[in-house]
Trainee: 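I'd like to ask you about the structure that follows.
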Amino acid sequence: MNARIIGTGSVLPKKVVTNFDLAEIVDTNDEWIVSRTGIKERHVAIEESTSSMATEAGKKALEDAGMTAEELEMILVATVTPDYVTPSTACMVQAAIGATNAVAMDLSAACSGFVFALNTAQAYIRAGIYKKILVIGVETLSKVVDWTDRSTCILFGDGAGAAVVSADAEAGIQDFVQYTDGAKGVALQCDARQHKNLFGTRAFENEYVQMDGQAVFKFAVRRVPESIQKLLDRNQLTAEQIDLYVLHQANMRIIETVAKFLKEPMDKFPMNMERCGNTSGASVPLLLDELNRAGRFKRGDKLILSGFGGGLTWGSIYMIW
Ligand code: ACO
């Protein structure tokens with residue numbers, strides 16, 4: 001049995017922050033941001049929270065799947081920006097939607113989070129343990145971004161995307177690869193809570209997201225095509241046989257480099273970072289939902305999904321819609 005996506009949902013916070021808005025806060029401009037990243041605007045949570053966006057995206061995915069919350073056996077939430085250390089975001093979603101029969105837990109793998117969570121769902125379904133799982137990718141990156149640092153604050157956005165997967169004998173996830181290089185994790189860092197107790201305090205090293213942009217860029221343009229090629233080879237597929245490539249929306253130039261490596265046209269690499277910025281673990285399910293609702297997928301289509309980022313982590317999925 002494979003995990004097959006049978007419903008999707010997503011949500012973006014109401015507040016839109018354009019590059020022009022950012023140019024009033026830090027020394028930057030629209031032309032610099034668009035030419036380096038492809039991003040024009042992003043959504044920033046004010047009233048929304050990680051758990052409220054996850055809940056709304058999850059409800060929409062259930063509705064799209066025609067499934068009730070009680071039918072779910074598991075909820076997996078990929079996030080690096082939860083509301084609480086405990087309860088996890090997944091536990092909060094479980095309560096909010098009334099998924100009383102589902103076990104719930106979070107998974108932390110930054111921008112690879114949703115892809116890794118989907119692979120985890122696939123493993124549970126393959127093993128015959130569960131048949132119906134809600135997988136969510138959600139981030140409120142605006143709370144870990146230093147709004148005075150022009151090299152990072154222009155990149156990120158908030159949002160959530162969700163997918164309901166169910167066991168299918170033929171379609172769904174056919175194969176996946178996933179990797180970690182913890183030794184290079186320093187390229188993208190952010191402290192958790194400050195180490196502070198009655199007996200001592202350790203200063204924050206990186207209170208907000210710190211990134212070596214060029215190191216991350218080099219990592220992504222090497223590792224993403226490599227992981228996709230591995231999947232293609234292992235499944236005796238050519239890049240041409242894939243209908244759509246749904247990649248993490250970090251940066252337009254990274255996606256263009258992957259397309260060039262695979263010698264595939266850009267229209268097979270849909271993007272929404274222009275409107276959403278980089279929403280880390282939420283970007284792949286957000287884009288999947290937009291494409292699904294726009295009718296871009298039909299039964300039997302071959303898709304590649306890729307996530308890559310903090311950890312460092314990266315991975316790709318080959319699925320039949
Ligand atoms: N506006 C104007 N100038 C800026 C800005 C800005 N927002 N940010 C940096 N600059 C300046 C720098 O200060 C530097 O000036 P200097 O030459 O006078 O020192 C100059 O622009 C070039 O800076 P670089 O950091 O070398 O710029 P680069 O061309 O590498 O672009 C970027 C930066 C866009 C972050 C690029 O490295 C990149 O795309 N990296 C990939 C990282 C990424 O996408 N991370 C997302 C999170 S991780 C993930 O999702 C995979």
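In this text, all values refer to a predicted model and were calculated from it rather than measured experimentally. The residues of the chain are indexed from 1 along the displayed sequence. Just follow the structure's listing: the first ligand is 1, and inside any ligand the first atom is 1.
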Trainee: Indicate, as side chain, backbone, both or neither, the part of Asn278 found under 4.0 angstrom from ligand 1 when only non-hydrogen atoms are considered.
Mentor: side chain
Trainee: Tell me the protein heavy atom at minimum distance from atom 35 (C) of ligand 1, and give that distance in Å.
Mentor: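 It is Met211 CE, 3.9 Å.
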Trainee: Just need the protein heavy atom nearest to atom 32 (C) of ligand 1, so name the residue and atom and give the distance.
Mentor: Arg253 NH2, 4.4 Å
Trainee: Should one rank Trp32, Phe219, Phe217 by closest heavy-atom distance to atom 3 (N) of ligand 1, which comes out on top?
Mentor: Trp32
Trainee: Would you mind checking which non-hydrogen protein atom is closest to atom 41 (C) of ligand 1, with the distance to 0.1 Å?
Mentor: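 Answer for atom 41 (C) of ligand 1: Gly213 O, 3.4 Å.
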Trainee: Going by the atom numbers of ligand 1, which of them fall below 4.0 Å from some non-hydrogen atom of Gly309?
Mentor: 51 (C)
Trainee: Mind checking whether Leu291 and Met271 sit in one hydrophobic cluster, side chains of I, L, V, M, F, W, Y counted as touching below 4.5 Å?
Mentor: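 Leu291 and Met271: separate clusters.
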Trainee: Output yes when a side-chain donor or acceptor of Lys60 lies under 3.5 Å from a complementary backbone atom of Ser10, and no otherwise.
Mentor: yes
Trainee: Specify side chain, backbone, both or neither for Phe156, according to which of its non-hydrogen atoms lie closer than 4.0 Å to ligand 1.
Mentor: side chain
Trainee: For atom 25 (O) of ligand 1, which protein heavy atom lies nearest, and how many Å away is it?
Mentor: Gln214 NE2, 4.3 Å
Trainee: Say whether Leu107 and Leu305 are linked into one hydrophobic cluster, either directly or through other cluster members, by side-chain heavy-atom distances under 4.5 angstrom.
Mentor: yes
Trainee: For atom 12 (C) of ligand 1, find the nearest protein heavy atom and state the residue, atom name and distance (0.1 Å precision).
Mentor: Arg150 NH2, 3.7 Å
Trainee: Protein heavy atom under 4.0 angstrom of atom 50 (O) of ligand 1, is there one?
Mentor: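 Within 4.0 Å of atom 50 (O) of ligand 1, protein heavy atoms are found.
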Trainee: Report the nearest protein non-hydrogen atom to atom 6 (C) of ligand 1: residue, atom name, distance rounded to 0.1 Å.
Mentor: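 So the nearest neighbour among protein heavy atoms is Thr28 OG1, 3.3 Å.
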Trainee: Could you check whether any side-chain N or O of Arg42 sits under 3.5 Å from a backbone N or O of Asn278, counting only pairs where one atom can act as donor and the other as acceptor?
Mentor: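 Between the backbone of Asn278 and the side chain of Arg42 there is no qualifying donor-acceptor contact (under 3.5 Å).
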Trainee: Can you say whether the rings of Phe308 and His248 are parallel (under 30°), tilted (30 to 60°) or perpendicular (over 60°)?
Mentor: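 If you compare the ring of Phe308 with that of His248, the planes turn out perpendicular.
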Trainee: Would you verify that at least one protein heavy atom lies under 4.0 Å from atom 9 (C) of ligand 1, or report that none does?
Mentor: yes
Trainee: From the options Phe116, Phe176, Phe219, select the one residue that forms a ring-ring contact (aromatic ring centres under 6.0 Å, His included) with Trp314.
Mentor: Phe219
Trainee: Side-chain heavy atoms under 4.5 angstrom apart, residues restricted to Ile, Leu, Val, Met, Phe, Trp, Tyr: same cluster for Leu62 and Leu76?
Mentor: no
Trainee: For the backbone of Ile33 and the side chain of Thr37, can you confirm whether one donor and one acceptor N or O come within less than 3.5 Å of each other?
Mentor: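 A pair under 3.5 Å: yes.
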Trainee: Is the shortest distance from atom 19 (O) of ligand 1 to a protein heavy atom below 4.0 Å?
Mentor: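 Protein heavy atoms within 4.0 Å of atom 19 (O) of ligand 1 - there are none.
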Trainee: Can you hop from Val224 to Phe217 via hydrophobic side chains spaced under 4.5 Å?
Mentor: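 Looking at the clustering, Phe217 is in the same group as Val224.
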Trainee: Quick check on contacts: which atoms of ligand 1 are under 4.0 angstrom from a heavy atom of Cys111?
Mentor: 49 (C), 50 (O)
Trainee: Examine Thr37 against ligand 1 and note whether any of their N/O atoms are separated by less than 3.5 Å.
Mentor: no
Trainee: Considering the heavy atoms of Asn251, write down every atom of ligand 1 situated less than 4.0 Å from one of them.
Mentor: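 Selected atoms, number and element: 38 (C), 39 (O), 44 (O).
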Trainee: Restricting to pairs with a member in residues 229-246, which pass salt bridge (charged side-chain N to carboxylate O under 4.0 Å, His left out), not counting sequence neighbours?
Mentor: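 Listed once each, the pairs are Asp175-Arg234.
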Trainee: Verify, without hydrogens or angle tests, whether Asp83 (side chain) and Thr50 (backbone) share a donor-acceptor contact under 3.5 angstrom.
Mentor: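 Yes.
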Trainee: Are any side-chain N or O atoms of Gln94 and backbone N or O atoms of Ala99, one a donor and one an acceptor, separated by less than 3.5 Å?
Mentor: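 Yes, the answer is positive, given that a donor and an acceptor are paired below the 3.5 Å cut-off.
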Trainee: What protein heavy atom lies closest to atom 28 (P) of ligand 1? Include the residue and the distance to one decimal.
Mentor: Arg36 NH1, 3.5 Å
Trainee: Any idea which atoms of ligand 1 are less than 4.0 Å away from a heavy-atom of Ile154?
Mentor: 7 (N)
Trainee: Determine whether the side chain, the backbone, both or neither of Leu188 has a heavy atom under 4.0 Å from any heavy atom of ligand 1.
Mentor: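 It is the side chain that touches ligand 1; the backbone stays farther off.
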Trainee: Under 4.0 Å from atom 39 (O) of ligand 1, is there any protein heavy atom?
Mentor: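 It does: a protein heavy atom is found less than 4.0 Å away from atom 39 (O) of ligand 1.
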